[in-house]
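Note on naming: letters A, B, ... go to the chains in the order of the sequence lines (proteins, then strands), and numbering restarts at 1 for each one. Computed from heavy atoms alone, side chains included, the values below leave out hydrogens, waters and symmetry copies. Note that the structure is a prediction, hence the values are computed from the model and not measured.
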Amino acid sequence: MSQTITGADILIQALEREGVEVVFGVPGGAILKAYDSIFDSGIRHVLARHEQGAGHMASGYAHATGTTGVAFATSGPGATNLITPLADAYMDSIPVVAITAQVASASIGLDAFQEAHTWGISMPVTKHNYLVTDTSEISSTVHEAFHIAATGRPGPVLVDITKDALAGSIAWSGPSEIHLPGYKPSVKGHPKQVNAAIDMILASERPVLYAGGGIIRSEASEELRTFAEQQHLPVVTTLMARGAIPDSHELTLGMPGMHGSYTASTSMQKADLLIAVGARFDDRVTGDPQFFAPDARIIHVDVDPAEIGKIRTPDIPIVGDAKSVLTQLIDSGATALAHRPLPDRTPWFDQLAAWQRDYPLTYDQDPDGPIQQQYVIDELAKHSPPGTIVVAGVGQHQMWASQFWGFEEPKTWINSGGLGTMGYAVPAAIGAQQGRPDTMVLAIDGDGCFQMTFQELITAAVEGIPVKIAVMNNANLGMVRQWQRLFYNERYAGSELSATNPDVVMLAEAMGCAGFRAEHPDDVVPTIEKGLAVDDRPVVMEFVCDPDAMVFPMIKAGGSNDVIIMGPEDL
Amino acid sequence: MQHVISVTVENKPGVLARIASMFARRDFNIHSLAVGPTEDPTRSRITMVVDGPEMEQIVKQLYKLVHTIKVVEHTPGEAIEREIMLVRVNADTLRRGEILEAANIFEAKAVDVGASTITFEVVGEPARLADFLEIMRTYGIVAQVKSGRIALAKDIKSPARKQKKTA
């Protein structure tokens, strides 16, 4: 016998069936019925101070746990405030499900209070989205949304549900099966292509394995490492793939691209073969694609067929999930190696070693100051436990964190790569900490980024989520300042913040966090020690840094990756 | 170069908006578009004429849309292609006979006759419609409206380059 149930209860029960333990959100008029149902459920609700914060928390949670993050927002401004995090998750292929409420279906199109065309606004920044006006469709839609978000190339999915659909009651006979006739992501690669790839690899004298964020998303780190070792391939890890293979591994060359290491970028320029796995030839990696890796043949493995050939036509395209295809490559590689030797790549590895020796990542910390961010990052890394999850905002601090932190495990580096969303770090760190309560989560943030979303530290303090935030306060939008210095004749239009306003320590304390400040290089280590010792509330460590420091190496936007600026002397 | 593609989609609200939005976002250009029901009520078919060299990306991006079932790119000459057009032509009494004679060759049907104009309905292959317009231009075209192109692959063994759906 069926019983009657409200749409709101159907929604919450569907979330429970999906294994959702926590949602990040902000309530409002249209979504109140769903909040009334979540109140009685086992799902934890984390009340963000802004829907953008809720969205980035869901994304940070998804990054750190490998599961799908969930954000809630009401109609109109609640939903529009979620757009930036959705666009961010879309660019970085992060599985997020956003549940938004819509005005009652009879009011749609009448410019009702807090009405926005959420379905239309969110369409270009989501993998898929829904408008649900019928109570009976809530359950199947939510399950479809989770399926789409997490499978194939992951991404955000938005479900907009009208107020009357949430409030309405129906006779309930259990969840229905999902039906998606047009959605069938490929998992396995074509065996012929896999074998052809192995042939090409075994004929290559100067190969580079170009590992992208798809490795992290498909949890293929073990396979990546096994494959690289089996085929003796040097590996570059993109900004989204840092930690996909340990930085301490002898085959690892670090991050390529605009602020990548000389060796990583140059290895691709000089390679005769690039094996791209879960990477998308992003402009921050390739520079001008016309000059990118000119001598390289390309094997491109991606779960999204549209990425293959979008920027560079491959010699061997393989559509499939990184983990599955790497497993196939390992099997095919083992068979081939049983009766064929690996080519002698000694000259190539000698060349790579010479570049690493001649062009290391370096910095100088003057003992009298000012503080260099690279020094702070180095000391933070030395004082943090293994496996610490590092979260960054966007800008100079992000690049230095990627360059100078040695990542040893996947899912220990969370940042906004594709969209470049300033303000990402604080809420994403909170989401990550919520998902991984036993791991230290450390956000490395800039003062510009920090001032976009620091209010979420109130959420962290009130909800008992003890994240650690290192604010690199150079009193400027540092990367903007760097570009103005290099390309805009030192005209610092609109990029100067303030070294003293706000007082970050007082601000931290006002929000219920511990606050510490380092103004001199000698203060750095004691400040880190004090900050990392606090574990009963969030901590903000402020480092007053050199405003004139610049990130190197640097390849000019749209330039050739053959022209790498190693420091001010190259300008 | 123009390409004609047939996109079979789930017959769901908003599917056209999704396709239009994707084309806008990816900077692809739609020359013409016709949407209609198919033999299966759960499916619609969209015939698009698209410009530009990016066919591979267009097909792949169409497939990324969750509601897309199948995309067929028609090989020229291997599909039946039709458009419908209404053309209002200047036709004073002196030239009326001449115009009707020309129209007759194109099997254009006079569907409205005014004091100084005739409106023709022409159905057929796109090239034929273009030829008819060219002839009528000499008399003076007052107004013209054309449907989006529809196409169906010919019923022969390998009628069109079908691209396998992978995502």
- Message: I need the B/E56 CD to A/I308 CD1 distance, nearest 0.5 Å.
- Response: 9.5 Å
- Distance from B/H67 atom NE2 to A/H128 atom NE2, nearest 0.5 Å? 3.5 Å
- Separation of A/H179 NE2 from B/T42 OG1 (nearest 0.5 Å): 7.0 Å
- Message: How about CZ on B/R128, more than 12 heavy atoms from neighbouring residues, nucleotides or ligands closer than 6.0 Å, or not?
- Response: yes
- Taking every non-hydrogen atom, the tightest pair across B/K60 and A/P305: NZ-O, 3.0 Å
- Message: Counting only non-hydrogen atoms closer than 4.5 Å, does B/R18 touch chain A with its backbone (N, CA, C, O), its side chain (CB onward), both, or neither?
- Response: both
- Task: Look at atom CD of B/Q2 and say whether more than 12 heavy atoms of other residues, nucleotides or ligands are closer to it than 6.0 Å.
- Result: yes
- Message: Are there residues of residues 133-154 of chain A whose heavy atoms fall under 4.5 Å of chain B's heavy atoms? If so, which?
- Response: A/I148, A/R153
- Message: Looking at every non-hydrogen atom in both residues, tell me the closest pair between B/P13 and A/W119 and how far apart they are.
- Response: O-CZ2, 4.5 Å
- Indicate yes or no: at least one non-hydrogen side-chain atom of A/P181 is less than 4.5 angstrom from one of B/K70. no
- Query: From A/D304 CG over to B/Q61 CD, what is the distance, rounded to the nearest 0.5 angstrom?
  - Reply: 7.0 Å
- Task: Report, by ascending residue number, the residues of residues 82-111 of chain A in heavy-atom contact with chain B at a distance under 4.5 Å; give 'none' if the set is empty.
- Result: A/Y90
- Message: Quick check for you: to the nearest 0.5 Å, what is the distance between A/K310 atom NZ and B/E54 atom CD?
- Response: 12.0 Å
- Would you mind telling me which of A/G320, A/P124, A/A306, A/G120 has the largest number of heavy-atom pairs within less than 4.5 Å of chain B? A/A306
- Query: Got more than 12 heavy atoms from elsewhere within 6.0 Å of NZ, A/K163?
  - Reply: no
